[in-house]
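Remarks on the structure that follows.
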Amino acid sequence: MSLNPNTGSIITKEEAQTLIAAFGKKFPGEVVASFIGENNVKQILEQDNCIGLRIYNGYNDAEKKISLVMVGVDAKEQDMLDGNIIYDKMVTCPPICAHNGLV
């Protein structure tokens, strides 16, 4: 399977809830969601040759919680690292969760 700007699939609310519930059962007490602002996502996507995002699962030992790492991916399916934008330190749920969210 190759990567392209259309990689990914739309799923239903119920499918999303099933996946999230399974994560919660397997990893109780962990971060269940992370938020990053649209301007930061745009900064990554607007880089030359960026076709999408790769989101890595990381762990912040100091805070004892999951910390996602987001990086652009180029047309050669490579992470855009040196001199490019990489984000983490997103706002997590908990503590800030949607009142009408999937959880």
Side-chain angles (χ1 to χ4, degrees):
M1 173 177 167
S2 63
L3 304 180
N4 65 68
N6 297 309
T7 299
S9 298
I10 295 172
I11 62 174
T12 66
K13 173 184 163 185
E14 291 75 22
E15 289 171 311
Q17 288 171 323
T18 298
L19 291 168
I20 294 164
F23 179 88
K25 186 176 180 181
K26 188 165 183 80
F27 303 102
E30 278 294 349
V31 168
V32 295
S34 295
F35 173 85
I36 184 170
E38 73 172 296
N39 293 334
N40 295 337
V41 173
K42 284 179 186 177
Q43 277 190 311
I44 295 175
L45 292 174
E46 291 173 350
Q47 296 176 110
D48 290 341
N49 303 313
C50 185
I51 65 163
L53 301 170
R54 187 168 280 129
I55 303 168
Y56 286 93
N57 295 320
Y59 193 81
N60 183 323
D61 277 327
E63 295 181 17
K64 305 288 187 231
K65 67 179 186 177
I66 288 174
S67 181
L68 299 181
V69 177
M70 185 180 297
V71 62
V73 176
D74 66 22
K76 294 180 183 177
E77 303 180 0
Q78 300 301 306
D79 291 347
M80 299 174 68
L81 301 174
D82 296 328
N84 289 292
I85 297 167
I86 303 170
Y87 273 103
D88 86 344
K89 296 185 177 43
M90 299 173 204
V91 176
T92 61
C93 166
I96 300 175
C97 304
H99 297 291
N100 66 336
L102 293 168
V103 184

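Numbers here are sequence positions counted from 1. Predicted model only: the values in this text are computed from it and were never measured.
- Residues Leu102 and Val32 are members of one and the same hydrophobic cluster, defined by side-chain heavy-atom contacts under 4.5 angstrom among Ile, Leu, Val, Met, Phe, Trp and Tyr.
- Follow the hydrophobic side-chain contacts under 4.5 Å out from Ile36 and you reach Leu45 in the same cluster.
- To the nearest 0.5 Å, the span separating OG1 on Thr7 from CZ on Arg54 amounts to 10.0 Å.
- The two atoms that bring Cys50 and Gly72 nearest to each other are SG-CA, 3.8 Å, heavy atoms only.
- Gln47 places a side-chain N or O within donor-acceptor distance of the main-chain N or O of Ile85, the cut-off being under 3.5 Å.
- In this structure, Phe27 and Ile66 have side chains that are not in contact, with every pair of non-hydrogen atoms separated by 4.5 Å or more.
- Within 6.0 Å of the OH atom in Tyr59, the count of heavy atoms belonging to other residues, nucleotides or ligands exceeds 12.
- Looking at Asn40, Val69, Leu68 one by one, the single match for side chain to side chain contact (heavy atoms under 4.5 Å, CB included) with Met90 turns out to be Leu68.
- Taken together through direct or relayed side-chain contacts under 4.5 Å among Ile, Leu, Val, Met, Phe, Trp and Tyr, Ile55 and Val41 form part of one hydrophobic cluster.
- For the pair Leu3/Ile51, a side-chain contact is recorded, criterion being any heavy-atom separation below 4.5 Å from C-beta on.
- Atom CE of Met70 is separated from atom CD of Gln43 by 12.0 Å, given to the nearest 0.5 angstrom.
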(message) Apply side-chain contact (heavy atoms from CB on, under 4.5 Å) to residues Asp79 and Val73 and explain how you reach the verdict.
(response) CA-CA 5 Å; Asp79 291 347; Val73 176; 4.1 Å; yes
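- One finds the CD atom of Gln17 at 11.0 Å from the CD atom of Glu15 (value rounded to the nearest 0.5 Å).
- At least one donor-acceptor pair closer than 3.5 Å links the side chain of Asn4 to the backbone N or O of Asn6.
- Side chains of Phe35 and Ile96 form no contact here, defined as non-hydrogen atoms less than 4.5 Å apart.
- The structure places CG of Asn57 at 10.0 Å from CD of Glu30, a figure rounded to the nearest 0.5 Å.
- Of the possible polar contacts, one joining the Lys64 side chain to the Asp61 backbone as a donor-acceptor pair under 3.5 Å is found.
- Rounding to the nearest 0.5 Å gives a distance of 8.5 Å between CD1 of Ile86 and CD1 of Ile44.
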